[in-house]
Amino acid sequence: MLFRQLFDQVSSTYTYLVADEHTREALIVDCVFEQHARDAALIAELELTLLVAVDTHCHADHVTGAWLMKSAFGSKIALARAYGAENVDLPLVHGDRIAFGAESLEVRATPGHTAGCLSLVSADRRIAFTGDALLVRGAGRTDFQEGDAHRLFRSIREQLFTLPDDCVVYPAHDYDGRTSSTIGEERSHNPRIGGEAREEDFVGYMRNLGLPHPKKLAVAVPANMRSGEPEPGAVQPAATWGPVIVTYAGFPEIAPEWVASHRSDVRVLDVRSPEELDGELGRLDGAALIPLDELRARLSEVDSDKPVVVVCQTGKRSAMAAAILRKAGFTRVANVAGGMVRWRELGLPN
Ligand SMILES: [Fe+2]
């Protein structure tokens with residue numbers, strides 16, 4: 001199974017992308033609205049077919065990216081039926097299975113942090129996405145959103161601690177840099193519910209966490225009850241001047257074919273060194289020429305009256321150039337994917 005763990009620093013959320021390596025069918029767990037471009041780029045670069053965006057629960061600390069994923073890929077939105085949220089295509093209940101290729105995740109109801117919390121367990125029981133039910137050396141707070149420490153105690157003990165010792169625990173959050181654990185490890189060392197802890201111990205501990213109210217609660221919960229669909233008019237167009245994508249590496253990129261058919265709408269900046277310009281690849285007519293090594297010192301020479309598309313031999317140095325320009329305040333800038341080598345392969349006119 002293909003597996004990627006992604007992190008959102010603002011909300012300390014882990015997002016998981018899993019896929020069948022042969023069919024490339026994929027599922028994303030707990031994707032974050034603000035990380036959509038990053039996650040969508042990864043799905044595209046790995047040539048995956050996203051079938052489902054599933055949330056382990058209705059989050060209070062961030063807005064789900066599930067609706068954006070559906071818009072981008074036509075994937076289904078999955079969430080516990082218990083919430084009655086809008087835009088949900090797969091209202092999940094305990095015992096359901098979400099299949100992707102030959103792989104699947106089993107749905108286990110693990111309420112307590114919220115009334116609808118689910119955990120997702122791989123068919124071979126080697127991996128469990130435990131949401132905010134079981135965290136690494138912790139457990140999700142139970143003091144709002146119909147939280148109930150008694151229910152959470154039973155959920156963890158009956159639905160999670162019954163999994164094999166070596167089943168890897170992947171939580172929805174961690175605030176201290178811990179990325180995963182195992183059921184056996186948590187059964188022994190979880191300070192709230194591990195070892196000999198009894199229900200009164202757990203409930204007493206949870207009652208006294210003294211956590212501040214989640215900052216985003218008032219925004220996140222209503223948005224998540226729409227599965228992350230933005231309010232009408234709230235969608236910010238990423239780039240209006242051309243079909244710019246942001247790669248998983250974080251660079252704004254545009255297809256050479258688009259550039260070729262919009263030459264008069266953009267400024268072309270070539271960042272190769274002078275001796276490369278007269279080689280077999282040639283250069284684009286009208287391109288401004290500033291070698292990458294000199295770009296930071298010569299930013300004032302870059303015209304910004306039109307969007308700037310940056311080109312080099314294979315698109316690597318120009319990606320760095322695009323990043324330098326962005327940092328310098330150029331908002332309309334993109335790297336020409338594949339550079340002059342790709343341009344030539346496509347047979348586009350110089
Ligand atoms: Fe949560």
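Whatever order the structure lists them in is the order used to number ligands and atoms, beginning at 1. Bear in mind that the values here come from a model prediction, so they are computed numbers and not experimental data. For reference, positions follow the sequence shown, starting with 1.
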Undergrad: In terms of side-chain heavy atoms, does N335 have a donor or acceptor partner in S318 at a distance below 3.5 Å?
TA: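 Side chains of N335 and S318: pair found under 3.5 Å.
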Undergrad: Tell me, please, if D132 has any N/O/S atom, main chain or side chain, under 2.8 Å from the Fe ion (ligand 1)?
TA: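 True for D132.
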Undergrad: Can an N, O or S atom be found in H57 less than 2.8 Å away from the Fe ion (ligand 1)?
TA: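 Here the distance criterion (N, O or S atom, under 2.8 Å) is met by H57, so yes.
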Undergrad: For Y16 together with F129, are the ring centres under 6.0 Å from each other?
TA: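 Close enough - the centres of the two rings lie under 6.0 Å apart.
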Undergrad: Using 2.8 Å as a strict upper limit, say whether an N, O or S atom of H113 approaches the Fe ion (ligand 1) that closely.
TA: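 H113 does place an N, O or S atom closer than 2.8 Å to the Fe ion (ligand 1).
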Undergrad: Taking distance alone, no hydrogens or angles, what donor-acceptor pairs closer than 3.5 Å link side-chain atoms of residues 198-212 to residues at least two apart or in another chain?
TA:
unit_1: E199; atom_1: OE2; unit_2: H150; atom_2: ND1; d: 2.7
unit_1: D201; atom_1: OD2; unit_2: R198; atom_2: N; d: 2.7
unit_1: N208; atom_1: ND2; unit_2: G204; atom_2: O; d: 2.8

Undergrad: Return yes if some donor-acceptor pair links the side-chain N/O of D270 with the main-chain N/O of R272 below 3.5 Å, else return no.
TA: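 The answer is yes, because a donor-acceptor pair under 3.5 Å joins these two groups.
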